[in-house]
Amino acid sequence: GIHPQNLGAWRQPDRLPAVNGGMQRLTDLQMNSIDPLVRRASALQQTEDTADGAVHLTPRDAGQHAIGAGDRVLVQQSGRTVPLTAVIDSRLPEGTVLIHAGHPAIQGLGPWSGEITIKRA
């Protein structure tokens with residue numbers, strides 16, 4: 001018979017392919033950054049489920065760009081540049097950056113996915 005299971009064959013890739021030498025942007029929308037009522041609840045905005053306005057990098061990618069945790073980084077996408085704080089995040093595949101949606105600091109960037117470049121400010 002058929003035995004359903006939740007164990008899929010997908011696994012996190014070790015690295016995503018570079019396009020034009022850039023990195024790939026990943027974006028998520030944190031739970032407490034969604035609706036106006038939640039965004040105005042000061043207690044909820046102090047949890048980890050809120051957009052942090054930072055750029056998350058793998059340890060290897062950060063090392064290749066001479067970026068450390070807490071450094072200011074210039075993030076460029078679609079011809080726009082914004083300064084963000086670096087967070088070292090080993091959960092990501094190499095060649096990617098994670099930026100949470102819903103934070104005022106990232107309003108000047110482009111789409112939620114695609115090629116992105118970074119450099120230390």
Side-chain angles (χ1 to χ4, degrees):
I2 297 175
H3 301 287
Q5 60 174 310
N6 290 331
L7 303 175
W10 185 89
R11 72 173 190 82
Q12 174 180 313
D14 294 327
R15 180 168 191 75
L16 293 181
V19 178
N20 299 322
M23 301 176 78
Q24 290 297 310
R25 176 181 173 179
L26 305 174
T27 304
D28 70 352
L29 183 57
Q30 295 289 85
M31 179 175 65
N32 289 342
S33 300
I34 296 175
D35 68 57
L37 182 61
V38 171
R39 287 194 315 259
R40 287 175 180 79
S42 60
L44 292 176
Q45 293 305 306
Q46 295 174 27
T47 70
E48 292 182 13
D49 296 322
T50 305
D52 61 10
V55 58
H56 295 242
L57 307 157
T58 69
R60 183 170 186 243
D61 290 330
Q64 287 181 338
H65 290 87
I67 295 169
D71 287 349
R72 292 298 282 173
V73 177
L74 297 177
V75 179
Q76 184 175 31
Q77 184 182 20
S78 301
R80 301 177 193 127
T81 303
V82 298
L84 299 175
T85 301
V87 171
I88 308 304
D89 192 336
S90 60
R91 300 173 301 161
L92 302 172
E94 291 176 9
T96 66
V97 299
L98 170 66
I99 300 173
H100 300 301
H103 193 280
I106 67 155
Q107 288 180 345
L109 282 179
W112 284 18
S113 64
E115 187 174 359
I116 196 164
T117 59
I118 60 168
K119 68 178 180 179
R120 191 172 175 171

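Heads up: numbering here begins at 1 and tracks the sequence.
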Pairwise side-chain contact, [X] with [Y], heavy-atom cut-off 4.5 Å (strictly under):
| X | Y | answer |
| --- | --- | --- |
| L109 | Q76 | no |
| K119 | H65 | no |
| V97 | H56 | no |
| L26 | W112 | no |
| R72 | T85 | yes |

What distance separates [X] [atom1] from [Y] [atom2], expressed to the nearest 0.5 Å?
| X | Y | atom1 | atom2 | value |
| --- | --- | --- | --- | --- |
| I99 | I116 | CD1 | CD1 | 4.0 Å |
| E115 | R25 | CD | CZ | 13.5 Å |
| I106 | R80 | CD1 | CZ | 12.0 Å |
| L29 | H100 | CG | NE2 | 10.5 Å |

Could you tell me which residues satisfy side chain to side chain contact (heavy atoms under 4.5 Å, CB included) with [X], sequence neighbours excluded, listed by chain and number?
| X | answer |
| --- | --- |
| D71 | I67, R120 |
| T58 | R60, D61, L92, E94 |
| S113 | none |

Original post:
Checking Q77 side chain against P111 main chain: does a donor-acceptor pair fall under 3.5 Å?
Top reply: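 Yes: the side chain of Q77 pairs with the backbone of P111.
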Shortest non-hydrogen contact from [X] toward [Y]:
| X | Y | answer |
| --- | --- | --- |
| G53 | L84 | O-CD2, 3.4 Å |
| G110 | S78 | CA-OG, 4.0 Å |
| I88 | G68 | CD1-C, 4.3 Å |

Subject >> I118-V82 co-clustered via ILVMFWY side chain contacts under 4.5 Å >> reply: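 Linked within one cluster.
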